Trainee: 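After the structure tokens below, expect a handful of questions from me.
Everything numeric in this text was worked out from a predicted model, so none of it was measured.
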Amino acid sequence: MAHIVIVGGGVAGLTAAYRLRRRQPEIRLTVVEQAPELGGKLRPATLADLPVEAGAEAFLSRDPTVPQLAAELGLQVVHPSGAPAAIALGGRLHPIPRGTLVGVPGDLAALAGLAAVTPEPATHGPLLGPGADISVGELVRARFGAEVVDRLVDPMLGGVYAGRADQLSLAATLPTLAAAARRCDTLVGAVRAALGGAGGPATGLAAGAGAPADPRPVFGTIVGGMTALVNALAKASGAELRLGLPVRELFRTPTGWRLVIGSTRSPEVVEADGVVLALPARPAARLLHEYSPAAANEIGVLDYASVALVSLAFPGIRMPEMSGFLVPASEGYATKAVTFIDRKWPHLAAPDLSLVRASLGRYGDERVLQRPDGELVDLVRSELASLLGHDLPVPVDAYVRRWGGALPQYTPGHLDRVRRARAALDGDPTISLAGAGYDGVGIPACVRSGTAAAEHLTLH
């Protein structure tokens, strides 16, 4: 009976374990996770005795990947209220314009009063050559000018990746727009073509301003919280769970793989017939360095951004009738995104309380994250009061969750680097890579990545 070890207990790793179990029920599976609990960036929290999310709160529901998986596992999907989102500009909250794709407009008139738009220069032929990749910011600045990037595109991408538009790969973060740019000679035309496709980008919140003609809810979550998905995958996989144990070394043997796990003082050797590496790219590169320096060198350059999520419960006030808002870096606030939890998710509403979650931390400017929890709570309360234009009471409860090195930064050429890394491993059907570091930060992308990793392995 084959023994497969999955290194990493996030959504990608647990999906790989689940798919392997479905494919071969008698297989032996072990999930090794360095953290003391499963879930990766899906973690529960409690705020004023109410269940909230300490990590990712939703998935792109127009992508059928997660709804189909939830149905397989007997889980129920619930959708947000449909309350609009806004963007903070010049001391006011403005509705995010319709007909934009992550802030990139398909209708320039929709940006009136929000950003100055330069006329598109004439182009002879497609905006992007076959196989070419540039940053999102480079493309949009060249076509529409700096304000569209700084006021709209940058905060929207920052809400997903904590990254900057001028450093993030168009092909990796907005694949539908990149594909359209290879056919269209204007960016307006490319956005309209991309919005006319099935569901827009596959990167979670990046679809926040999707096509207005599509009546389906953009987002969804799981009844019972996102950890219900984690627990259901773990249970259905039937895998042995080894938690709180780092994988320190990985060696190829004549018959399979040898993993050294646990502390340096009391290491344990685990033998396996196959391995799925479903952990962040840099630790995966360290494990691969001896076996495949080529693969390790390709994925080892991937950098990550750190963020902090600050959740507050305010008594006796009502927040605006919106799901939340984004804050451009150019506005001068540390807070980059705010969610009105009970407005967005009516099933989480509580009498006489307003639940708010704020995100802080931008790639390359993460000094604010060095502050103690109490200072972050005070900072968010103060900035939120300024952004809303009125004082806020002292919260009855607060919760701070820090995610160090949480969000991969896909620089231009990322997809080619991942392809080369996987090509370096393709001759060996006993090892595969999975996770957000390679295939996208959204939960659907992680589910697909875990599924593909499981399908790559040859079982005996």
Side-chain angles (χ1 to χ4, degrees), residues 60 63 99-106 108 111 115 117-118 120-121 123 125-211 298 301-305 326 328-329 362-364 407-420 436-442 444-445:
L60 185 63
D63 182 326
T100 64
L101 183 63
V102 196
V104 187
L108 299 183
L111 302 192
V117 184
T118 60
E120 275 206 78
T123 304
L127 300 176
L128 201 62
D133 189 19
I134 60 175
S135 75
V136 179
E138 181 181 349
L139 175 64
V140 179
R141 285 184 195 279
R143 307 304 300 181
F144 295 148
E147 280 202 2
V148 177
V149 176
D150 296 339
R151 292 184 162 214
L152 292 164
V153 181
D154 205 55
M156 289 196 180
L157 284 174
V160 183
Y161 301 96
R164 306 307 297 263
D166 290 318
Q167 297 168 313
L168 290 170
S169 156
L170 178 70
T173 62
L174 293 173
T176 55
L177 184 58
R182 293 189 175 96
R183 305 189 305 270
C184 301
D185 59 2
T186 68
L187 188 51
V188 164
V191 171
R192 290 176 179 173
L195 287 173
T203 51
L205 297 177
E298 293 289 356
V301 300
L302 184 66
D303 206 0
Y304 286 74
L326 300 168
R362 296 179 173 94
Y363 180 69
L407 294 170
Q409 301 297 294
Y410 306 136
T411 55
H414 171 78
L415 297 182
D416 288 335
R417 288 190 290 273
V418 172
R419 276 192 288 267
R420 290 193 296 267
Y438 317 108
D439 301 314
V441 298

Trainee: Do Arg164 and Asp154 have side chains that approach each other closer than 4.5 Å (heavy atoms only, starting at C-beta)?
Mentor: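 A side-chain contact exists here, since the closest heavy-atom pair is under 4.5 Å.
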
Trainee: Nearest 0.5 Å, please: how far is CG in Leu407 from CG in Asp303?
Mentor: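 Answer for the CG-CG pair, Asp303 versus Leu407, is 11.5 Å.
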
Trainee: Please, which pairs that meet salt bridge (Lys or Arg N to Asp or Glu O under 4.0 Å) have at least one residue in residues 171-190, sequence neighbours excluded?
Mentor: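 Matches after skipping sequence neighbours: none remain.
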
Trainee: Going by the side chain to side chain contact (heavy atoms under 4.5 Å, CB included) test, name the single residue among Leu128, Leu170, Val102 that passes it with Leu177.
Mentor: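 For Leu177, the side chain to side chain contact (heavy atoms under 4.5 Å, CB included) check succeeds only for Leu170.
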
Trainee: Working to the nearest 0.5 Å, report the span between CD of Glu120 and OG1 of Thr186.
Mentor: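 Separation between the atoms: 5.0 Å.
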
Trainee: Rounded at 0.5 Å granularity, tell me how far CD in Glu298 sits from NE2 in His414.
Mentor: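 Answer for the CD-NE2 pair, Glu298 versus His414, is 11.0 Å.
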
Trainee: Is there a side-chain contact between Val441 and Tyr410 (heavy atoms, below 4.5 Å)?
Mentor: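 Counting from C-beta outward, Val441 and Tyr410 do come under 4.5 Å.
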
Trainee: Establish, from distance only, whether the side-chain atoms of Asp166 and Ser135 form a donor-acceptor pair under 3.5 Å.
Mentor: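 Side-chain D/A pair, Asp166 to Ser135: absent.
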
Trainee: Would you please test Leu152 and Leu111 for side-chain contact (heavy atoms from CB on, under 4.5 Å) and show each step?
Mentor: CA-CA 9 Å; Leu152 292 164; Leu111 302 192; 3.4 Å; yes

Trainee: Taking side chain as C-beta onward, heavy atoms only, is Val301 less than 4.5 Å from Arg417?
Mentor: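 With C-beta onward as the side chain, the pair touches.
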
Trainee: Are Tyr161 and Tyr363 side-chain neighbours, meaning at least one heavy-atom pair lies under 4.5 Å?
Mentor: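 Counting from C-beta outward, Tyr161 and Tyr363 never come under 4.5 Å.
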
Trainee: Are Leu157 and Val136 close enough that some pair of their side-chain heavy atoms sits under 4.5 Å apart?
Mentor: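 Touching, per the 4.5 Å side-chain cut-off.
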
Trainee: Considering only heavy atoms from C-beta outward, does the side chain of Pro105 approach that of Thr100 to under 4.5 Å?
Mentor: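 SC-SC contact between Pro105 and Thr100 confirmed.
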
Trainee: Are side-chain heavy atoms of Leu187 and Phe144 found at a separation under 4.5 Å?
Mentor: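 A side-chain contact under 4.5 Å exists here.
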
Trainee: Starting from the C-alpha separation in whole Å, work towards a yes-or-no answer on side-chain contact (heavy atoms from CB on, under 4.5 Å) for Ser169 and Asp133.
Mentor: CA-CA 7 Å; Ser169 156; Asp133 189 19; 2.7 Å; yes

Trainee: The criterion is side chain to side chain donor-acceptor pair (under 3.5 Å); which residues satisfy it with Thr123, sequence neighbours excluded?
Mentor: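 For Thr123 the side chain to side chain donor-acceptor pair (under 3.5 Å) partners, ignoring immediate neighbours, are Arg143.
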
